[in-house]
Amino acid sequence: MIEVDRNSIPEKWQWFYEARFGVFLHWGVYSVYGLGEQVLFREHLDHDEYAATARAWNPKHFNASEWAEIIKSGGAKYAVLTTRHHDGFCLWDSKETDYTSVRQSAGRDFVAEYVDACRKVGLRVGLYYSLGDWRMPAFWEGPENDPDGWNSFREKVHAQVRELLTNYGKIDVFWFDGDWPRSAMEWKSVELIEMMRKLQPDILINNRAGKIPGKDGAPPKELGDFGTPEQHIARDPVRLWESCQVSTWRMWGYATGDHWKPANRLLDALTEAASKGGNLLLNVGPDAEGKIPNQFVERIKKIGEWLKVHGEAVYNNDGGEVCEMITRGYQTFKGNNLYLIIRFWNGKSEFRLAGLATKVLKATLLTTAEKLEFEQKDDALTIQGLPEKPPTELFPVIKLECLEKPRPVPWAADFIWHGNPRRMTSWAKKRKNIKF
């Protein structure tokens with residue numbers, strides 16, 4: 001399978017490719033309602049009543065250092081905080097509005113506290129900013145119906161982005177959202193991104209600031225440096241990417257009635273993304289008082305404990321899926337090492353891997369550091385001596401140390417529904433009874 005070539009990634013962005021795991025923090029006034037981050041629109045709330053809630057919001061238990069420690073202990077390498085969502089309330093001291101956490105009841109710059117806490121524990125810093133603001137008539141009217149109002153609104157958007165990239169030191173990731181239904185031309189996204197790069201030359205910008213026309217009849221091109229498939233995992237062979245996913249069934253912001261995915265499903269998303277050469281940005285919505293829910297803490301702690309033992313199969317890998325393994329799990333590789341991440345432990349003492357051409361020198365059950373016996377014959381590797389019960393609550397991992405970079409035999413270079421089907425003819429002809 002084709003993955004992005006890490007050699008094509010600028011040195012300043014290599015950290016993102018190596019990280020594989022980040023945490024998304026959807027937090028704002030909406031947490032008071034406990035119905036997700038879009039409650040203002042979804043419930044068609046009265047704007048003045050919502051604003052009164054925002055002015056009164058004062059999360060006494062918000063502790064950025066506690067957040068950073070939870071994220072760090074979970075094995076994540078970076079975090080992204082919603083500085084302003086579609087409701088327009090700002091978590092920093094914006095000079096463009098008094099609708100901020102600093103000028104209202106809380107009297108605190110939550111962005112500053114978050115940035116400082118992340119840096120202290122070694123997390124890379126990401127900021128989310130919604131271009132859209134549901135409170136503003138000009139946003140809905142657009143430049144075609146309210147040109148003066150739109151120009152004024154857009155200028156404030158650019159000014160707020162400038163504030164975020166001027167007042168808080170180096171920002172590693174900037175995450176746009178909310179550009180719909182306006183175009184990159186209407187947002188002046190090209191000019192906006194040029195300004196951002198002058199302020200922060202090393203910054204990574206996501207792909208949600210709109211598209212620009214392609215050259216010479218080519219399709220439109222997304223602005224930004226990395227892709228953001230949402231709630232699903234889709235490899236991008238030409239650029240960096242991360243899959244952003246919720247840790248609950250549906251909501252990004254705090255929602256009291258939502259259900260939590262178990263730790264193995266969250267780890268499944270992380271290892272699948274890693275196997276396809278991308279990152280997982282796993283979301284949590286802290287509550288109205290600023291506490292990260294215990295359900296998330298418990299789950300990310302389990303993932304962190306797993307990563308302490310198996311992290312080499314995830315961090316700084318070069319993707320995976322060298323050959324077919326969907327019946328058992330995922331693959332990643334790094335250098336000459338191939339990692340078999342086993343989602344489905346069947347209790348059998350043998351593990352058969354077909355399609356690997358590279359000679360294997362050593363096999364280790366990474367979970368227990370136990371050396372494993374194996375036999376490699378023709379195009380199949382058979383690993384022996386596995387225990388009946390899985391050696392970890394989550395996914396066991398087998399590490400294969402190979403003579404060279406892992407590669408497939410020709411028939412396994414393309415997976416089941418891909419490639420030239422005739423490559424499998426010789427395999428079918430091996431059947432002794434050729435009658436139907």
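A quick note: this is a predicted structure, and the numbers were derived from the prediction, not measured. As a basis for the values below, the full set of heavy atoms in this structure was taken, side chains included, without hydrogen atoms, waters or symmetry mates.
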Parallel, tilted or perpendicular, judged at 30° and 60°: which one describes the rings of [X] and [Y]?
| X | Y | result |
| --- | --- | --- |
| His310 | Trp306 | parallel |
| Trp150 | Trp187 | tilted |
| Tyr78 | Phe16 | tilted |
| Phe296 | Trp260 | tilted |

Heavy atoms only: give me the nearest [X]-[Y] pair and the separation to one decimal.
| X | Y | value |
| --- | --- | --- |
| Leu307 | Gly75 | CD1-CA, 3.9 Å |
| Arg84 | Cys90 | CD-SG, 3.9 Å |
| Phe174 | Phe176 | CE2-CE2, 3.5 Å |
| Tyr50 | Val39 | CE1-CG1, 4.2 Å |
| Ala79 | Ile71 | CB-CD1, 4.0 Å |
| Ile233 | Ala273 | CD1-N, 3.8 Å |

Cation-pi check, Lys77 onto Tyr315 ring (under 6.0 Å, within 45° of axis): yes

Taking the six-membered ring of Tyr330, is the NZ or CZ of Arg328 close enough (under 6.0 Å from the centre) and on axis enough (within 45°)? no

Between [Y] and [X], is there a side-chain donor-acceptor contact under 3.5 Å, judged purely by atom types and distance?
| X | Y | answer |
| --- | --- | --- |
| Thr82 | Tyr30 | yes |
| Tyr99 | Asp133 | no |
| Glu242 | Trp175 | yes |
| Thr358 | Glu404 | no |
| His232 | Ser243 | no |
| Tyr339 | Glu312 | yes |
| Asn316 | Arg6 | yes |
| Tyr114 | Asp109 | no |
| Thr248 | Asp258 | yes |
| Ser94 | Glu163 | yes |
| Arg423 | Asn420 | no |
| Thr228 | Asn207 | yes |

Is the closest side-chain heavy-atom distance between [X] and [Y] below 4.5 Å?
| X | Y | result |
| --- | --- | --- |
| Tyr168 | Val111 | yes |
| Trp345 | Pro396 | yes |
| Leu270 | Val314 | yes |
| Val102 | Trp92 | no |

Mark yes or no for whether [X], through its side chain, and [Y], through its backbone, hold a donor-acceptor pair below 3.5 Å.
| X | Y | value |
| --- | --- | --- |
| Lys221 | Lys215 | no |
| Arg162 | His158 | no |
| Asp146 | Gly142 | no |
| Ser152 | Asp148 | no |

With a 6.0 Å cut-off (strictly less than), is the heavy-atom count around [atom1] of [X], excluding the residue itself, greater than 12?
| X | atom1 | value |
| --- | --- | --- |
| Glu393 | CD | no |
| Met185 | CE | no |
| Ile326 | CD1 | no |
| Arg352 | CZ | no |
| Trp140 | CH2 | yes |
| Arg265 | CZ | no |

For the rings on [X] and [Y], is their centre-to-centre separation under 6.0 Å?
| X | Y | answer |
| --- | --- | --- |
| Tyr129 | His85 | no |
| Trp13 | Phe226 | no |
| Phe41 | His86 | no |
| Trp57 | Trp27 | yes |

State which residue, out of Arg235, Arg407, Lys276, fulfils the salt bridge (Lys or Arg N to Asp or Glu O under 4.0 Å) condition with Glu321.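 Running salt bridge (Lys or Arg N to Asp or Glu O under 4.0 Å) over Arg235, Arg407, Lys276 with Glu321 returns exactly one hit, Arg235.
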
In this structure, which one of Ile9, Ile193, Ile205, Leu240 forms a side-chain contact (heavy atoms from CB on, under 4.5 Å) with Asp225?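 With Asp225 as partner, Ile9, Ile193, Ile205, Leu240 yield a single side-chain contact (heavy atoms from CB on, under 4.5 Å), made by Ile205.
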
